[in-house]
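Take a look at the structure below.
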Amino acid sequence: MRRGAIPVAVACLILSLVPPAVAAHCSAPPTGDIAEHSLLNPSTPAERRLRLADQLLCSALAGNAASQELAGTLYLQGRSRRGNVLPRDISRARRLLTAAAHRGRRHAMHRLAELELVDGHAYEAALWTRVEHEIYGTAKPMVEQLHQRAEAGISPDAHLDTEVALKVLAIREAIAMDTSPSP
C-alpha cells in the first residue's frame, strides 16, 4: 500500500463514524476518473484497485454524491461483482446510497428502492420509487415494475404522500445547491 493511502477497512470505519466535514482534506480525483482508472477491471492489479477504492471512499466521505452512489453500489454488490475489492456490506451500502439519494442521485434512489424491497420494507421501497418518479418523471420500465410490486404491499397512504413531498422538496434544494456557482 502506498504511503498516505487510507486502508479500505479504516476508510469504512471512518465513513460510518465521522461527519463529512472532517474528510474535506481528501484529494481524490472525480469519481468518473476513479472508475475509468480500472477500479473494477479484474486485470488491474489488486493493490492498484485497493488504492482506487481508498480514493473512492475518501471522496465519498468528503461528501461527493457520485462517489457515495458508486461506493454504495459496490458495497451492495460486494465481491460478487467481478473486480470489486469492496466486501458486501448492506449497512454501509444503505448509508452511502441514502446520502447520495438525498443529494438527488437517481441511481442511488433506484438501488435503495430495490434494497428496501428485498429487505421486506415495502413502504421504504415505495417511498424511494415515488421520490425518483417525482423528481425525474416517468420511471424506467424496471423501476416501474418495482413500483408496482412495492405498491401491492401497501395501501394508499397519506403519510407516504407527505413523506414523498417533503423528501422531493429537500432533494430539489440539495440539487440546486450542488449546481449553483460557488461564491
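- Linking Ile, Leu, Val, Met, Phe, Trp and Tyr whenever their side-chain heavy atoms come within less than 4.5 Å leaves L166 and I175 in two separate clusters.
- By the salt bridge (Lys or Arg N to Asp or Glu O under 4.0 Å) test, E124 is found to be paired with no residue, residues two or more places apart in sequence or in another chain being considered.
- Among residues two or more places apart in sequence or in another chain, the ring-ring contact (aromatic ring centres under 6.0 Å, His included) test is passed with H102 by W128.
- Residues satisfying the side-chain contact (heavy atoms from CB on, under 4.5 Å) test with R94, not counting sequence neighbours, are I90, T98, L112, L115, E116, D119, H121.
- For S91, the side-chain hydrogen bond (donor to acceptor under 3.5 Å, both in side chains) partners are R95, not counting sequence neighbours.
- Heavy-atom minimum distance, L86 versus A53: CD2-CB, 4.2 Å.
- One finds the CG atom of D178 at 9.5 Å from the CG atom of N64 (value rounded to the nearest 0.5 Å).
- In this structure, Q68 contributes its side chain and A60 its backbone to a donor-acceptor pair below 3.5 Å.
- In this structure the side chain of L40 reaches within 4.5 angstrom of the side chain of L74, judged on heavy atoms.
- For the side-chain contact (heavy atoms from CB on, under 4.5 Å) test, residues two or more places apart in sequence or in another chain that qualify with E134 are V164, V168.
- There is no side-chain donor-acceptor pair under 3.5 Å between R106 and H110.
- With sequence neighbours excluded, no residue satisfies side-chain hydrogen bond (donor to acceptor under 3.5 Å, both in side chains) with N84.
- The stretch residues 65-88 participates, sequence neighbours left out, in these salt bridge (charged side-chain N to carboxylate O under 4.0 Å, His left out) pairs: E69-R105.
- Once rounded to the nearest 0.5 Å, the distance linking CG of D54 with CG of L61 reads 12.0 Å.
- Residues V131 and L127 meet the side-chain proximity criterion, which asks for heavy atoms closer than 4.5 Å.
- Residues forming a side-chain contact (heavy atoms from CB on, under 4.5 Å) with S43 (at least two apart in sequence, or on another chain): N41.
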